[in-house]
*Asks:* 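Pasting a structure here, questions to come.
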Amino acid sequence: MTDENTLLIEAGRSERHYWKDLWRYRELFYFLAWRDILVRYKQTVIGIVWAIIRPFLTMVVFTVIFGHLAKLPSNGAPYPVMVFAAMLPWQFFANALSEASGSLVGNANLISKVYFPRLIIPAGSVITSFVDFLISAAMLIALLIWYRFMPGWRILALPFFVVVALAAAMGAGLWFTALNVKYRDFRYVVPFIVQFGLYISPVGFSSDIVPERWRVIYSLNPMAGVIDGFRWAILGGDVKIFLPGFLMSLAIVGILLVSGIWYFRKTERTFADVI
Amino acid sequence: MSAVIKVENLSKKYIIGHQQQERYIALRDVLANGAKVLFHRAARPFTSKRPRFIDPSREEFYALKDLSFEIHQGDRLGIIGHNGAGKSTLLKILSRITEPTSGRVAIKGRVASLLEVGTGFHPELTGRENIYLNGSILGMSRLEIRKKFDEIVGFAEMEKFLDTPVKRYSSGMYVRLAFAVAAHLEPEILVVDEVLAVGDAQFQKKCLGKMDSVAREGRTVLFVSHNMQAISSLCHRGIVLSRGKIAHCGTAISAINYYMGSFQSAMDGKMLWDATQKNLPYSDVVKLKRYFIEDENGEVPDGRLFSSKSYNVVIEAELLQNDPRLIFSLIYYAEDGRLILGTDIHDTGGVDFRTMRLGNVRFKVPVPTELLANKIYEIELLCIIHMTAWILAPQNESRMRFEFFMDKNDNPNNYDKILSDLRVVLNWDVVAY
């Protein structure tokens, strides 16, 4: 019984084949993401409209409050475009977070009946939110055309920031998911964090208005760096990226992702018992 | 022959809370407890011993204890045992859903486990989409599913409804489709939980046939069921689990006999089953209290019923929600555990849980004494949230055994022992022509 294809089940053993298993179950990952997307856009026509309306309305409100009433600067770009460039990654992050945190509990019957690397489920919800992100991105393009605003060469760097946004959403999502299974009342905390995050992240305003000496501290919020990156890439012009702050955010994203995976895997084996 | 599954000293420990309904921990409790500990430390900074707050309502419970056995290539093993004996836990460990606390299992070959029919089915998706989804959940590759797609659809007999959302399916169609997908898995080792208890009789037969052919191809099958007939026809080896340990191991027939023997002693008591101490699921929908048999005078008989009297089965419960999916069902078994009669609350169509007044309810169902023969029977109450969950599954928990005596000479040619499980008195008309 020492064959290559012999599977050993022991306490604490699941570690060993984990990444290989994850690769083996990639089709399931694809199917679950496909299911979520299909169901989401099948159930309601509102599905797609929802992905557009939410960031749009938030953008209008922020433009009126911060741009017109508070008269905050926008670095030369039209205020709505500046807000929307930030809205895009933020909505993605917020959606991914709330979707992922409920995903395991929502798929409890799967978890208690079938084996697969549990990482697939929250990762699937992040991907579903990513589809919403793409739809909103189309909306940004419409907005750019409306304002006849042409992004410069920096737009080529956008994919990099998208990847950072994905990593941030994934890292935080994994933490939330695992905590949500373990402490079931954690779900009351999630909307609060998302709500709170919207105001402390530079979504409605440019992060330039944060005093210089506070900016590194401010960048402890991983989304601050991501949003700055999005603005830098899309708006071009005089938007500057504050490098120490951005590196800080980047480091936080890295820590979040690695620790998220670590914590998720640590708690993963007990999921079926507690869910 | 070499062992394809080797289980060594397998144990699984659960922590159960007696007071709590929920199994998970609340963050607020953790924070509150942490604060308590902190406070104690602050109050007595020099005691090195950390005060521990042990919750007296928590208790360790071994679902499996030091289990060891081997399964060889091509074995068809039936696993039987009372509710809570550890069958499901064993299957869950073998399917890698949960980890053992100690001990180890070595498995050679690809395992597919079928612990539930239709896992992951989504009501909004069409039959076609669900076949792909369910197939991949059960471990088939996309290519494999595409190759077997027509076969699956043919087996389920539902070509016409492929593009209809599953939510519009009847429950029979749903189960057929779900099982059809599962039946086309081609693993080396197949692990099946009690999933054949659903669907109509004809389809059940088809499923058993399919399982049988899977087994005859030389694949290894592990099968948990309370259907002794299915076990005896499908399996040639049997294990009886009792309180997390192997109570008996041998041929399927010997295991069944051992298991049925363990019921004998249960016949002396009154025909009453009390559910108030049981922790049944869905207690927010209905709280089952008890069920019992009473005669015309309202008395609860012991394990002897007579054809000269008439009896009712009385079910008492507290209805807390108007859930139309709720089903109560009474099943009669023959002495050896074969199902012979079943009736459910929706038989006559007069019961509607959507409009029923909430609160305490009593259901009364006559015992069909005119059908029973001079034999030993078992009666069992089942409670189901339709297509969702068992509140009270067919697991012998609520099963009561009684002996029936025909003391009224209602049949002139009253055989002392009738060979069939049931008897019926019919009118024979003589018509000359």
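Throughout, protein chains are lettered first and strands after them, A, B, ... in sequence-line order, and every chain is numbered starting at 1.
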*Asks:* For A:Phe56, I'd like to know if atom CZ has over 12 heavy atoms of other residues, nucleotides or ligands within 6.0 Å.
*Replies:* no

*Asks:* Tabulate, in ascending numerical order, the residues of residues 250-259 of chain A having at least one heavy atom closer than 4.5 Å to a heavy atom of chain B, or enter 'none'.
*Replies:* none

*Asks:* Kindly write out the residues that satisfy salt bridge (charged side-chain N to carboxylate O under 4.0 Å, His left out) with B:Arg142, not counting sequence neighbours, or none if the list is empty.
*Replies:*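 Listed in chain order: A:Glu27.
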
*Asks:* Please round to the nearest 0.5 Å and tell me the distance separating atom CG of A:Asp36 and atom NE2 of B:His122.
*Replies:*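 NE2 of B:His122 is found 7.5 Å from CG of A:Asp36.
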
*Asks:* Evaluate the side-chain proximity of A:Val114 to B:Leu115: yes if any heavy-atom separation is below 4.5 Å, no if none is.
*Replies:* no

*Asks:* Got a second to check how far A:Ile111's CD1 is from B:Ile97's CD1, nearest 0.5 Å?
*Replies:*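 Here the interatomic distance stands at 10.5 Å.
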
*Asks:* Tell me, side chain or backbone of B:Ser11 under 4.5 Å from chain A's heavy atoms, or both, or neither?
*Replies:* neither

*Asks:* Does atom CG of B:Leu143 have more than 12 heavy-atom neighbours, drawn from other residues, nucleotides or ligands, at distances under 6.0 Å?
*Replies:*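 Open: at most 12 neighbouring heavy atoms sit under 6.0 Å from CG of B:Leu143.
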
*Asks:* What residue, out of B:Lys92, B:Lys12, B:Glu129, has the most heavy-atom pairs lying under 4.5 Å from chain A?
*Replies:*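 Max contact count across the listed options: B:Glu129.
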
*Asks:* Under the side-chain contact (heavy atoms from CB on, under 4.5 Å) rule, collect the residues that match up with B:Val105, sequence neighbours excluded.
*Replies:*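 With neighbours one apart ignored, the set is A:Ile9, B:Ile5, B:Val7, B:Leu10, B:Ile93, B:Leu94, B:Ile107.
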
*Asks:* For residues A:Tyr115 and B:Arg96, report the shortest heavy-atom separation together with the two atoms involved.
*Replies:*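 The pair with the smallest heavy-atom distance is CD1-O, 3.0 Å.
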
*Asks:* Sort and list the pairs that fulfil salt bridge (charged side-chain N to carboxylate O under 4.0 Å, His left out) and have at least one residue in residues 102-115 of chain A, not counting sequence neighbours.
*Replies:*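 As it turns out, there is no salt bridge (charged side-chain N to carboxylate O under 4.0 Å, His left out) pair with a partner in residues 102-115 of chain A once direct neighbours are skipped.
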
*Asks:* Output the distance between atom CG (A:Leu110) and atom CD1 (B:Ile137), rounded to the nearest 0.5 Å.
*Replies:* 4.5 Å

*Asks:* Quick one: which of A:Tyr30, A:Phe116, A:Phe186 has the most heavy-atom pairs under 4.5 Å with chain B, could you say?
*Replies:* A:Tyr30

*Asks:* Which answer fits A:Arg118, side chain, backbone, both or neither, if we ask what part of it has an atom under 4.5 Å from a heavy atom of chain B?
*Replies:* side chain

*Asks:* Where does B:Ser141 contact chain A at under 4.5 Å (heavy atoms): side chain, backbone, both or neither?
*Replies:* both

*Asks:* Below 4.5 Å from any heavy atom of chain B, which atoms of A:Tyr188 appear? Answer side chain, backbone, both or neither.
*Replies:*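 For A:Tyr188, no heavy atom lies under 4.5 Å from chain B.
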
*Asks:* Quick one: pull up CD in B:Glu99 and CD in A:Glu268 and give me the separation to the nearest 0.5 Å.
*Replies:* 9.0 Å

